[in-house]
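Numbers restart at 1 for each chain; the letters A, B, ... are given by sequence-line order, proteins then strands.
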Amino acid sequence: VGRPKGVSLEKASFYVGTEFKCLSNGKTIPMEHVNDDYCDCEDGSDEPGTSACSNGLFYCENKPYKGTYIMSSRVNDGICDCCDGSDEYDGTISCENTCEKLFAEIRAQQEAFRKKQEEGYKVKLEYIQQGHRVKEEKRARLSELVKNKAALVEELDNLRAVKDEAEVPEKEAKDKHEEAWKAIKAERQKQRDAIAAAQAFAKLDSNQDNVVDFPELMKHKEFDIDSDGTVSEDEAREYLEDSEQTDLATFTEKIWPNIKEIFKLKNPEEVKEGEKSETAEDIHVEDGPPSPEVTDEQEAATPLDVSTDPDAITEGVADTAIPDEDRDKYYDEDDEDEEEDDYPGDDDEDDDDKVDVNEQQEKHKPEDEEEKMPEYSEETKLLIQAADEARKHYDEADEKVKDIEKEITGIEKYLEMDLGPQEEFSALKGQCFEFTDREYTYKFCPFDKTSQKPKGGGIETNLGTWGHWYGPEEDKYDSQKYENGQGCWNGPNRSCHVNFHCGAENILTGASEPSRCEYQFDFTTPARCSEPEPLPTHQVHEEL
Amino acid sequence: ENFRTCDQSGFCKRHRNMQPGSSDYVVQASSLRLSKTSLMVDVLNTKNNVRFLLQVYGLQHGIFRVKLVEAEPIRQRYEIPIGVTLVAEPEQAELVYHGDSNGQLKFSLGDNQMLINSNPLRLDFLINNEPVSSVNAQGLLKFEHTREKRAAKEEEAGEGAEDEVGAENEEEKPSADVDDEGMWEETFKGFSDSKPNGPTSVGVDIAFPGFRYVYGIPEHADSFALKTTKSTDPYRMYNLDVFEYELYNPMALYGHIPFMVAHNDKHTVGVFFQNAAEGWIDIQSNIADKSVFSNLADFVTGNNDVPQTDTHWFFEDGIIDVFVLLGPSPKDVFKQYASLTGNTPLPPLWAIAYHQCRWNYNDQDDVRTVDQTMDKFDIPFDVIWLDIEHTDGKKYFTWDGSRFGDSVEMLRNLSSKGRKMVTIVDPHLKRDDNYEKYTDARSQGLLVKNKDGNDFDGWCWPGSSSWPDFLEPKVRKWWADQFSLEKYQGSANNLYVWNDMNEPSVFNSPEITFPKDVRHLSGVENREVHNIYGMLVHQATWDGLLKRSNYKERPFVLTRAFFAGSQRSGAVWTGDNMGEWSHLKMTVPMMLSLNLAGIHFSGADIGGFFKNPDSELIARWYQAAIFQPFFRAHAHIDTKRREPYLLPEEHMIVARDAIKKRYSYLPYWYQLFYESETTGMPPMRSLWMEFPSEANIFEKDDEFMTGNAILVKPVTEESQTSISVYFPGKDVVWYDIDSYESYSGQQEKIVQAPVSKLPAFQKGGTIVPRKMRGRRSASLTYNDPITLVVCLDKYGNADGQVYLDDYHSYEYRHGSYALTHLSFHNFKLENNILHIGKDFTTKEWVERIIVVGVNTEPKNIHLIDADHNKMDLGNRYDTQTKVLTIRKPGVNVAQKWIINLH
């Protein structure tokens with residue numbers, strides 16, 4: 001009673017006597033200077049009831065509701081800030097006491113919230129149980145898998161040994177067969193060479209004296225090493241390995257291997273054949289499927305050309321009259337970016353096409369029937385069959401190990417995931433929730449992704465995939481961040497901030513884009529409900 | 001590039017290629033006709049015998065008006081009607097004729113003289129017999145007379161029947177062949193300009209002997225002191241929507257004012273070239289253009305570096321109508337210019353407070369959230385803005401019902417805290433048969449036509465659009481009527497207007513604006529009137545808001561396009577700048593140029609429109625803008641949200657402190673705007689405007705003065721923590737506005753400038769009124785008490801004014817205001833009433849007086865109030881800073897009182 005205006009009961013004791021000490025620094029002023037509409041204390045404590053100190057606070061009693069502080073710049077500014085109207089006392093305006101009403105409203109809100117909280121908390125307890133159970137199950141499964149894996153790995157090792165064992169004789173037999181075939185091929189080649197050498201010798205031996213000498217070589221331009229137009233004696237001699245002449249045997253053995261390349265080059269028939277095969281390949285490549293670049297361009301053109309967007313006409317203008325950079329500004333309607341962001345060009349298909357090209361080329365390679373290796377012997381075939389069998393068993397076991405490893409990784413990932421201090425968010429995993437506004441249907445799949453889709457149908461836009469919990473340090477589970485969504489035209493990748501609120505049910509209650517390409521979802525879930533405080537036995541007015 | 005260079009413009013090339021020399025234009029002195037205030041004399045182009053009429057008028061305040069028109073034009077040439085650029089028919093003054101001596105006619109107007117040289121035509125202007133300006137001294141006058149297309153062809157063919165045609169033919173033949181292509185048709189980027197009237201351009205050179213520096217001709221993103229254009233294009237004057245404009249470039253921007261000021265340590269003179277067509281201005285300076293070679297030449301010829309600036313002005317159409325403003329002080333020139341084109345009317349207080357804008361606030365919830373969050377963070381603001389997305393399909397005067405279903409409720413909520421809203425209303429009308437504004441304008445025949453006489457159809461935000469012809473008074477009236485609460489459904493009295501895209505911007509047209517051969521209803525081509533279109537848009541909007549309040553409340557309209565005279569009905573911002581440090585730095589020269597050219601209520605988007613500025617830049621931008629006239633934050637739709645409360649705390653506090661500081665200086669700002677309306681003095685001033693004889697500051701545009709009291713050096717570089725400040729003024733003492741640390745004048749000094757600090761200084765000898773109570777909006781401060789900051793000069797004196805009225809209505813025009821003169825002299829502070837309205841009262845009282853520069857602590861202080869009651873006052877004296885704070889005088893601001901220090 002009798003405390004200065006704007007002072008709360010708890011601080012009333014500072015404001016008695018004939019002097020006042022500024023609360024923070026103890027500077028003394030006469031008590032008449034308290035609330036005299038002039039700021040004497042740096043901390044604003046001498047003017048609790050006026051607007052004189054820019055850093056002061058005014059206490060509204062707000063009976064019958066609870067008292068609060070307001071900034072003293074709001075005292076006598078013509079706006080009723082305290083529900084009891086006590087901040088406006090200079091007579092400029094008169095404020096109605098709305099505390100009763102406000103109190104009732106707030107109580108109703110609190111009541112409603114409490115109800116929601118109670119309901120939600122019940123569900124949350126189930127979620128917690130369920131979450132723990134799932135985790136237990138996963139853990140159990142994990143240890144089972146680890147065990148199974150050990151057994152399988154052991155089996156795999158055995159099978160590998162069997163396989164390796166079977167492959168040794170298989171390899172020996174195959175190698176032997178191939179060596180023999182190689183020897184046959186070499187012999188055949190040697191014979192062909194001898195014939196060619198003899199033919200060449202005959203051609204070179206122009207005087208047919210069964211000896212080739214350097215004057216005979218000098219008649220053949222291909223021996224012109226320095227390309228000066230004539231074959232000199234030295235040049236010819238060099239090919240004759242510094243001898244005067246050579247007979248067929250020496251020619252075949254020593255000289256022909258050295259000159260067959262240059263001499264062969266001059267053989268018109270053989271050259272022609274080589275050129276032909278190259279040409280054939282070239283044509284084949286050109287006839288192949290269109291290159292991926294071409295495909296991309298075609299795909300890219302499509303969305304712009306057949307837009308049904310109302311802005312499509314505008315875009316048409318942009319294309320003709322406005323340079324691209326200006327479109328930033330002028331044609332900035334929603335959605336356009338989405339069309340430009342990613343074209344549904346299918347890279348995988350392109351890759352397949354490339355593989356096809358190679359295979360076809362392989363098939364078209366001319367095969368020399370004469371050079372085909374004869375079949376393996378029956379004995380070798382049996383060895384191969386046995387090795388194939390062993391490999392198959394090994395591969396099957398390997399597949400199993402990989403499957404089990406994959407499952408283990410999956411479970412480990414799950415176990416690493418932060419599903420809340422009590423696993424209460426576990427129940428949300430694998431579910432999706434939708435919210436539809438005027439234009440879009442927004443989709444929220446917790447721990448997976450966020451997206452939006454135009455209401456009238458169209459391509460879904462990824463607004464971000466699961467990133468991390470995003471609440472403040474003291475309340476980490478307050479919100480989540482989804483990141484690296486579809487790129488924004490002229491901007492960052494889309495991202496989505498999901499705020500979690502307590503509610504009796506899982507509902508996506510709102511979605512908005514407060515900043516360009518930064519989305520915000522509001523989601524209520526029982527998982528965010530904390531345990532309600534026990535109800536007081538009877539209502540108490542807080543100011544009493 | 002989207003925009004023409006001089007080389008791509010026929011008339012620009014024709015004028016620019018002229019060589020200085022003897023002019024072909026000769027005054028026929030025998031035809032001289034005189035009246036008391038004017039003269040008229042015939043002028044002949046001796047090359048083609050085309051006759052002209054030269055008229056010179058003596059005007060009040062020391063202004064000559066020089067008009068040159070064709071004597072017998074084939075077609076009426078466009079002259080801007082009174083009331084568009086000129087606020088009224090200028091008042092004339094006696095022009096005394098002193099006779100003709102050797103072909104030189106001498107006249108005087110007060111202390112100023114004019115000499116007309118007859119052969120060739122040349123006009124010299126003198127202040128007390130000292131030449132300061134000269135027209136056609138270089139002989140670059142070129143007036144392309146009206147002609148018929150066929151006649152021109154005949155001329156070309158050399159078959160002219162009349163002598164004069166033949167004469168022109170003979171003389172101009174060599175160049176005519178080259179020029180002909182551009183004279184009757186021109187193409188640019190595939191757009192063809194039909195040019196039915198052929199060549200119609202006018203141009204002349206204007207020299208400023210004795211002047212090294214010229215200023216003005218905004219709007220260009222360039223230095224305040226204009227640069228020589230010897231190696232660049234001329235400064236271009238053609239209202240255009242320029243996307244991501246480049247800095248330090250003479251290219252045209254959104255609005256233009258053909259007003260230039262020359263200043264030296266003795267004189268300040270101005271030239272206003274009244275012409276609404278596209279213009280270009282070349283500038284040469286015998287000092288700036290000096291090469292080593294010409295220095296040698298000067299040495300040989302004995303030229304002793306008398307500086308001279310030569311300017312060359314040419315416009316595509318219209319007439320030559322030049323006002324020569326002979327100062328001789330900066331203050332005089334501003335008064336002279338205002339006497340011609342009008343003053344900036346005093347804005348309502350809220351309009352000079354903080355504006356929170358963004359493209360776009362999405363819906364009513366968004367608006368409410370911003371409103372509440374600003375309060376939560378204790379950041380004052382007065383106005384929130386809605387950009388184009390608030391409309392139903394870019395149909396202005398409508399609302400997107402799904403986002404703004406109850407705009408009246410939203411406006412009422414804002415109004416409950418004294419706040420306002422500004423919505424955008426652009427001049428293009430969507431061609432949509434269900435859009436009433438369009439169908440109404442179409443059926444009444446109010447729309448601009450294309451060259452074939454059909455409604456012009458161009459592209460802007462809504463797609464296919466048409467434009468009302470604001471040149472017609474009846475169209476302006478129709479437009480103004482659309483702002484009534486009945487016609488603008490969902491609006492309210494606290495809704496004000498933003499006219500954007502009014503150059504006008506037309507996306508699919510040459511240079512993103514009207515084709516030049518677009519027809520106005522009166523039959524004139526846009527070529528003849530282009531640069532006044534945007535101004536007529538905001539004038540009509542202004543009229544609409546005036547009408548809405550039955551002429552009682554002061555309107556607020558923001559415009560992007562402008563012209564001479566725009567100051568009467570619009571605030572201007574510098575358009576689509578960028579969130580970069582270089583653009584923050586550019587705000588000072590750009591706004592100094594605008595302020596010099598009469599556009600006093602101007603600002604740049606705080607933070608920069610495009611890009612995502614970092615928070616330090618945003619914080620620094622808020623600081624710099626405190627002392628710039630129009631204080632609005634704005635951002636492009638693609639940028640991250642950046643309302644000040646979203647900044648990291650360190651910078652949020654800097655921004656908040658800056659905004660609060662702006663609010664605390666509103667009484668000073670308000671008084672500066674009152675001064676602007678009554679005297680034409682710009683609120684934002686270059687240093688030379690306050691220190692006209694200090695030659696080393698003529699080029700300075702990284703510092704500025706707000707009024708005569710505050711010197712500001714904004715920090716415009718990243719991570720800077722100290723900055724060099726030049727303190728002008730011999731014997732002047734400057735005081736830091738926060739610490740009251742003192743600095744003496746005529747020195748450069750490094751001062752500390754951590755991110756929390758804007759270097760700003762109050763001049764010793766001034767008294768600045770402030771309000772320190774930190775309310776949520778300016779409308780809530782009307783009754784708040786005032787703090788007077790008295791900074792003493794070397795001799796212990798100081799002066800200042802306080803202006804008070806109701807802060808929103810036109811009652812002050814009927815005398816309902818108070819103006820007091822405060823003077824501190826001989827340890828006595830006196831408040832003398834210069835004016836107080838008969839029925840004017842205010843609750844504003846004097847809360848405290850801070851006297852800075854008091855060397856000894858007074859023993860006691862007493863107040864003598866209006867009723868001669870004497871009262872002792874408490875005080876606090878800081879021996880360190882020599883600051884005396886007088887406690888709570890408590891007297892009403894609008895009463896006479898005296899405070900004595902003993």
Exercise. Name the region of B/Arg642, side chain, backbone, both or neither, that has any atom closer than 4.5 Å to a heavy atom of chain A.
Key: neither
Quiz prompt | Contacting moiety of A/Asp40, where chain B heavy atoms sit under 4.5 Å | solution = side chain
Practice problem: Heavy-atom pairs under 4.5 Å with chain B are the metric here; pick the option from A/Met71, A/Glu518, A/Arg74 that has the most. | Solution: A/Arg74
Exercise. Classify the angle between the aromatic ring planes of B/Tyr782 and B/His808 as parallel (below 30°), tilted (30 to 60°) or perpendicular (above 60°).
Key: parallel
Quiz item: Which region of B/Asp375, side chain (C-beta onward) or backbone (N, CA, C, O), has a non-hydrogen atom less than 4.5 Å from a non-hydrogen atom of chain A, or is it both or neither?
Solution: both
Quiz item: Is chain A contacted by the side chain of B/Ser416, its backbone, both, or neither, given a heavy-atom distance below 4.5 Å?
Solution: backbone
Quiz item: A/Asn55 versus chain B, heavy atoms under 4.5 Å apart: side chain, backbone, both or neither?
Solution: neither
Quiz item: Are B/Asp363 and A/Arg438 ion-paired here, with the side-chain N under 4.0 Å from a carboxylate O?
Solution: no
Self-check item: Structural part of B/Arg776 lying under 4.5 Å from a heavy atom of chain A
Solution: side chain
Quiz item: Going by an N to O cut-off under 4.0 Å, is there a salt bridge joining B/Asp576 and B/Arg560?
Solution: yes
Practice problem: Name the region of B/Lys660, side chain, backbone, both or neither, that has any atom closer than 4.5 Å to a heavy atom of chain A. | Solution: neither
Practice problem: Could you tell me how the ring of B/Phe609 sits relative to the ring of B/Trp359: parallel (under 30°), tilted (30 to 60°) or perpendicular (over 60°)? | Solution: parallel
Quiz item: Where does A/Asp36 contact chain B at under 4.5 Å (heavy atoms): side chain, backbone, both or neither?
Solution: both
Quiz prompt | Test side-chain hydrogen bond (donor to acceptor under 3.5 Å, both in side chains) applied to B/Thr373 - qualifying residues, sequence neighbours left out | solution = none
Self-check item: Partner chain B: residue of A/Ser515, A/Ser72, A/Gly78 with the largest heavy-atom pair count (under 4.5 Å)
Solution: A/Ser515
Practice problem: Please look at B/Thr639 and chain A and tell me whether the side chain, the backbone, both or neither of the residue comes under 4.5 angstrom of a heavy atom of that chain. | Solution: backbone
Quiz prompt | Contacting moiety of A/Thr92, where chain B heavy atoms sit under 4.5 Å | solution = side chain
Practice problem: Among A/Tyr59, A/Tyr15, A/Phe58, find the one that has a side-chain contact (heavy atoms from CB on, under 4.5 Å) with A/Pro48. | Solution: A/Tyr15
Self-check item: Single hit among B/Arg887, B/Lys888, B/Arg773, B/Lys771 for side chain to side chain donor-acceptor pair (under 3.5 Å) with B/Glu847
Solution: B/Arg773
Practice problem: Check side-chain contact (heavy atoms from CB on, under 4.5 Å) between A/Cys41 and all other residues, then give those that pass, not counting sequence neighbours. | Solution: A/Phe20, A/Cys22, A/Ile29, A/Asp43, A/Ser45, A/Asp46
